[in-house]
Amino acid sequence: MAKTTRASECTTTLEAHLNPELFKAMGDETRLALIARLASAAGPLTVTEAAECCGVHLSGVSRHLAALKNAGLIAAQKEGREVRYTLDCGALASALRDLADALEACKAGCCDG
């Protein structure tokens with residue numbers, strides 16, 4: 001019974017960290033290129049500046065940036081007529097770290113074969 005309870009706790013903990021929006025956002029080659037571009041930038045980037053990494057039309061880049069924003073991975077700040085985007089490194093690192101920690105915590109109790 002204790003093993004079943006432990007497995008249930010692991011499942012609940014993992015599900016709490018398996019954010020579909022995060023994986024959807026990171027499951028696209030262009031969005032990963034945008035994450036890398038924003039991570040390496042010296043400061044916030046406009047859509048045009050961010051688009052330099054991927055060879056995608058600006059409207060497509062805008063949609064990709066919106067998906068990353070909806071997943072909580074980037075922040076957008078309007079400055080006049082432009083919007084500038086920055087990667088929220090803390091949010092991305094925290095989400096990945098929390099998932100890794102949950103997997104490690106469950107490994108001994110429910111994932112060993």
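- For Thr48, there are no side chain to side chain donor-acceptor pair (under 3.5 Å) partners, not counting sequence neighbours.
- The shortest distance between side-chain heavy atoms of Leu73 and Met26 falls below 4.5 Å.
- Closest approach of Ala50 to Leu34, counting heavy atoms only: O-CD2, 3.5 Å.
- Panel note: side chain Glu49, backbone Thr46; a donor-acceptor pair is recorded below 3.5 Å.
- For the atom pair CG of Leu96 and CG of Asn19, the computed distance is 10.5 Å after rounding to the nearest 0.5 Å.
- Between Ala91 and Gly72, the shortest heavy-atom distance links the atoms CB-O, 3.5 Å.
- Considering CD1 of Ile35 and CG of Leu68, their distance stands at 5.0 Å, rounded to 0.5 Å.
- The distance from the CG atom of Leu103 to the NE2 atom of His17 is 9.5 Å, given to the nearest 0.5 Å.
- Legend: residues meeting side chain to side chain donor-acceptor pair (under 3.5 Å) with Glu79, ordered by chain and number and at least two apart, are Arg84.
- The shortest non-hydrogen separation linking Leu65 to Ile74 is O-CD1, 3.3 Å.
- Nearest approach of Ala67 to Ala25, heavy atoms of both residues: O-CB, 4.1 Å.
- A heavy-atom distance below 4.5 Å is not found between the side chains of Val83 and Val47.
- Here the closest heavy-atom approach between residue Cys54 and residue Val61 is recorded as SG-CG2, 4.2 Å.
- Here side chain to side chain donor-acceptor pair (under 3.5 Å) pairs that include residues 25-44, with residues two or more places apart or in two chains, are Arg31-His64, Arg37-Glu52.
- Here the shortest heavy-atom pairing between Tyr85 and Leu38 reads O-CD2, 3.5 Å.
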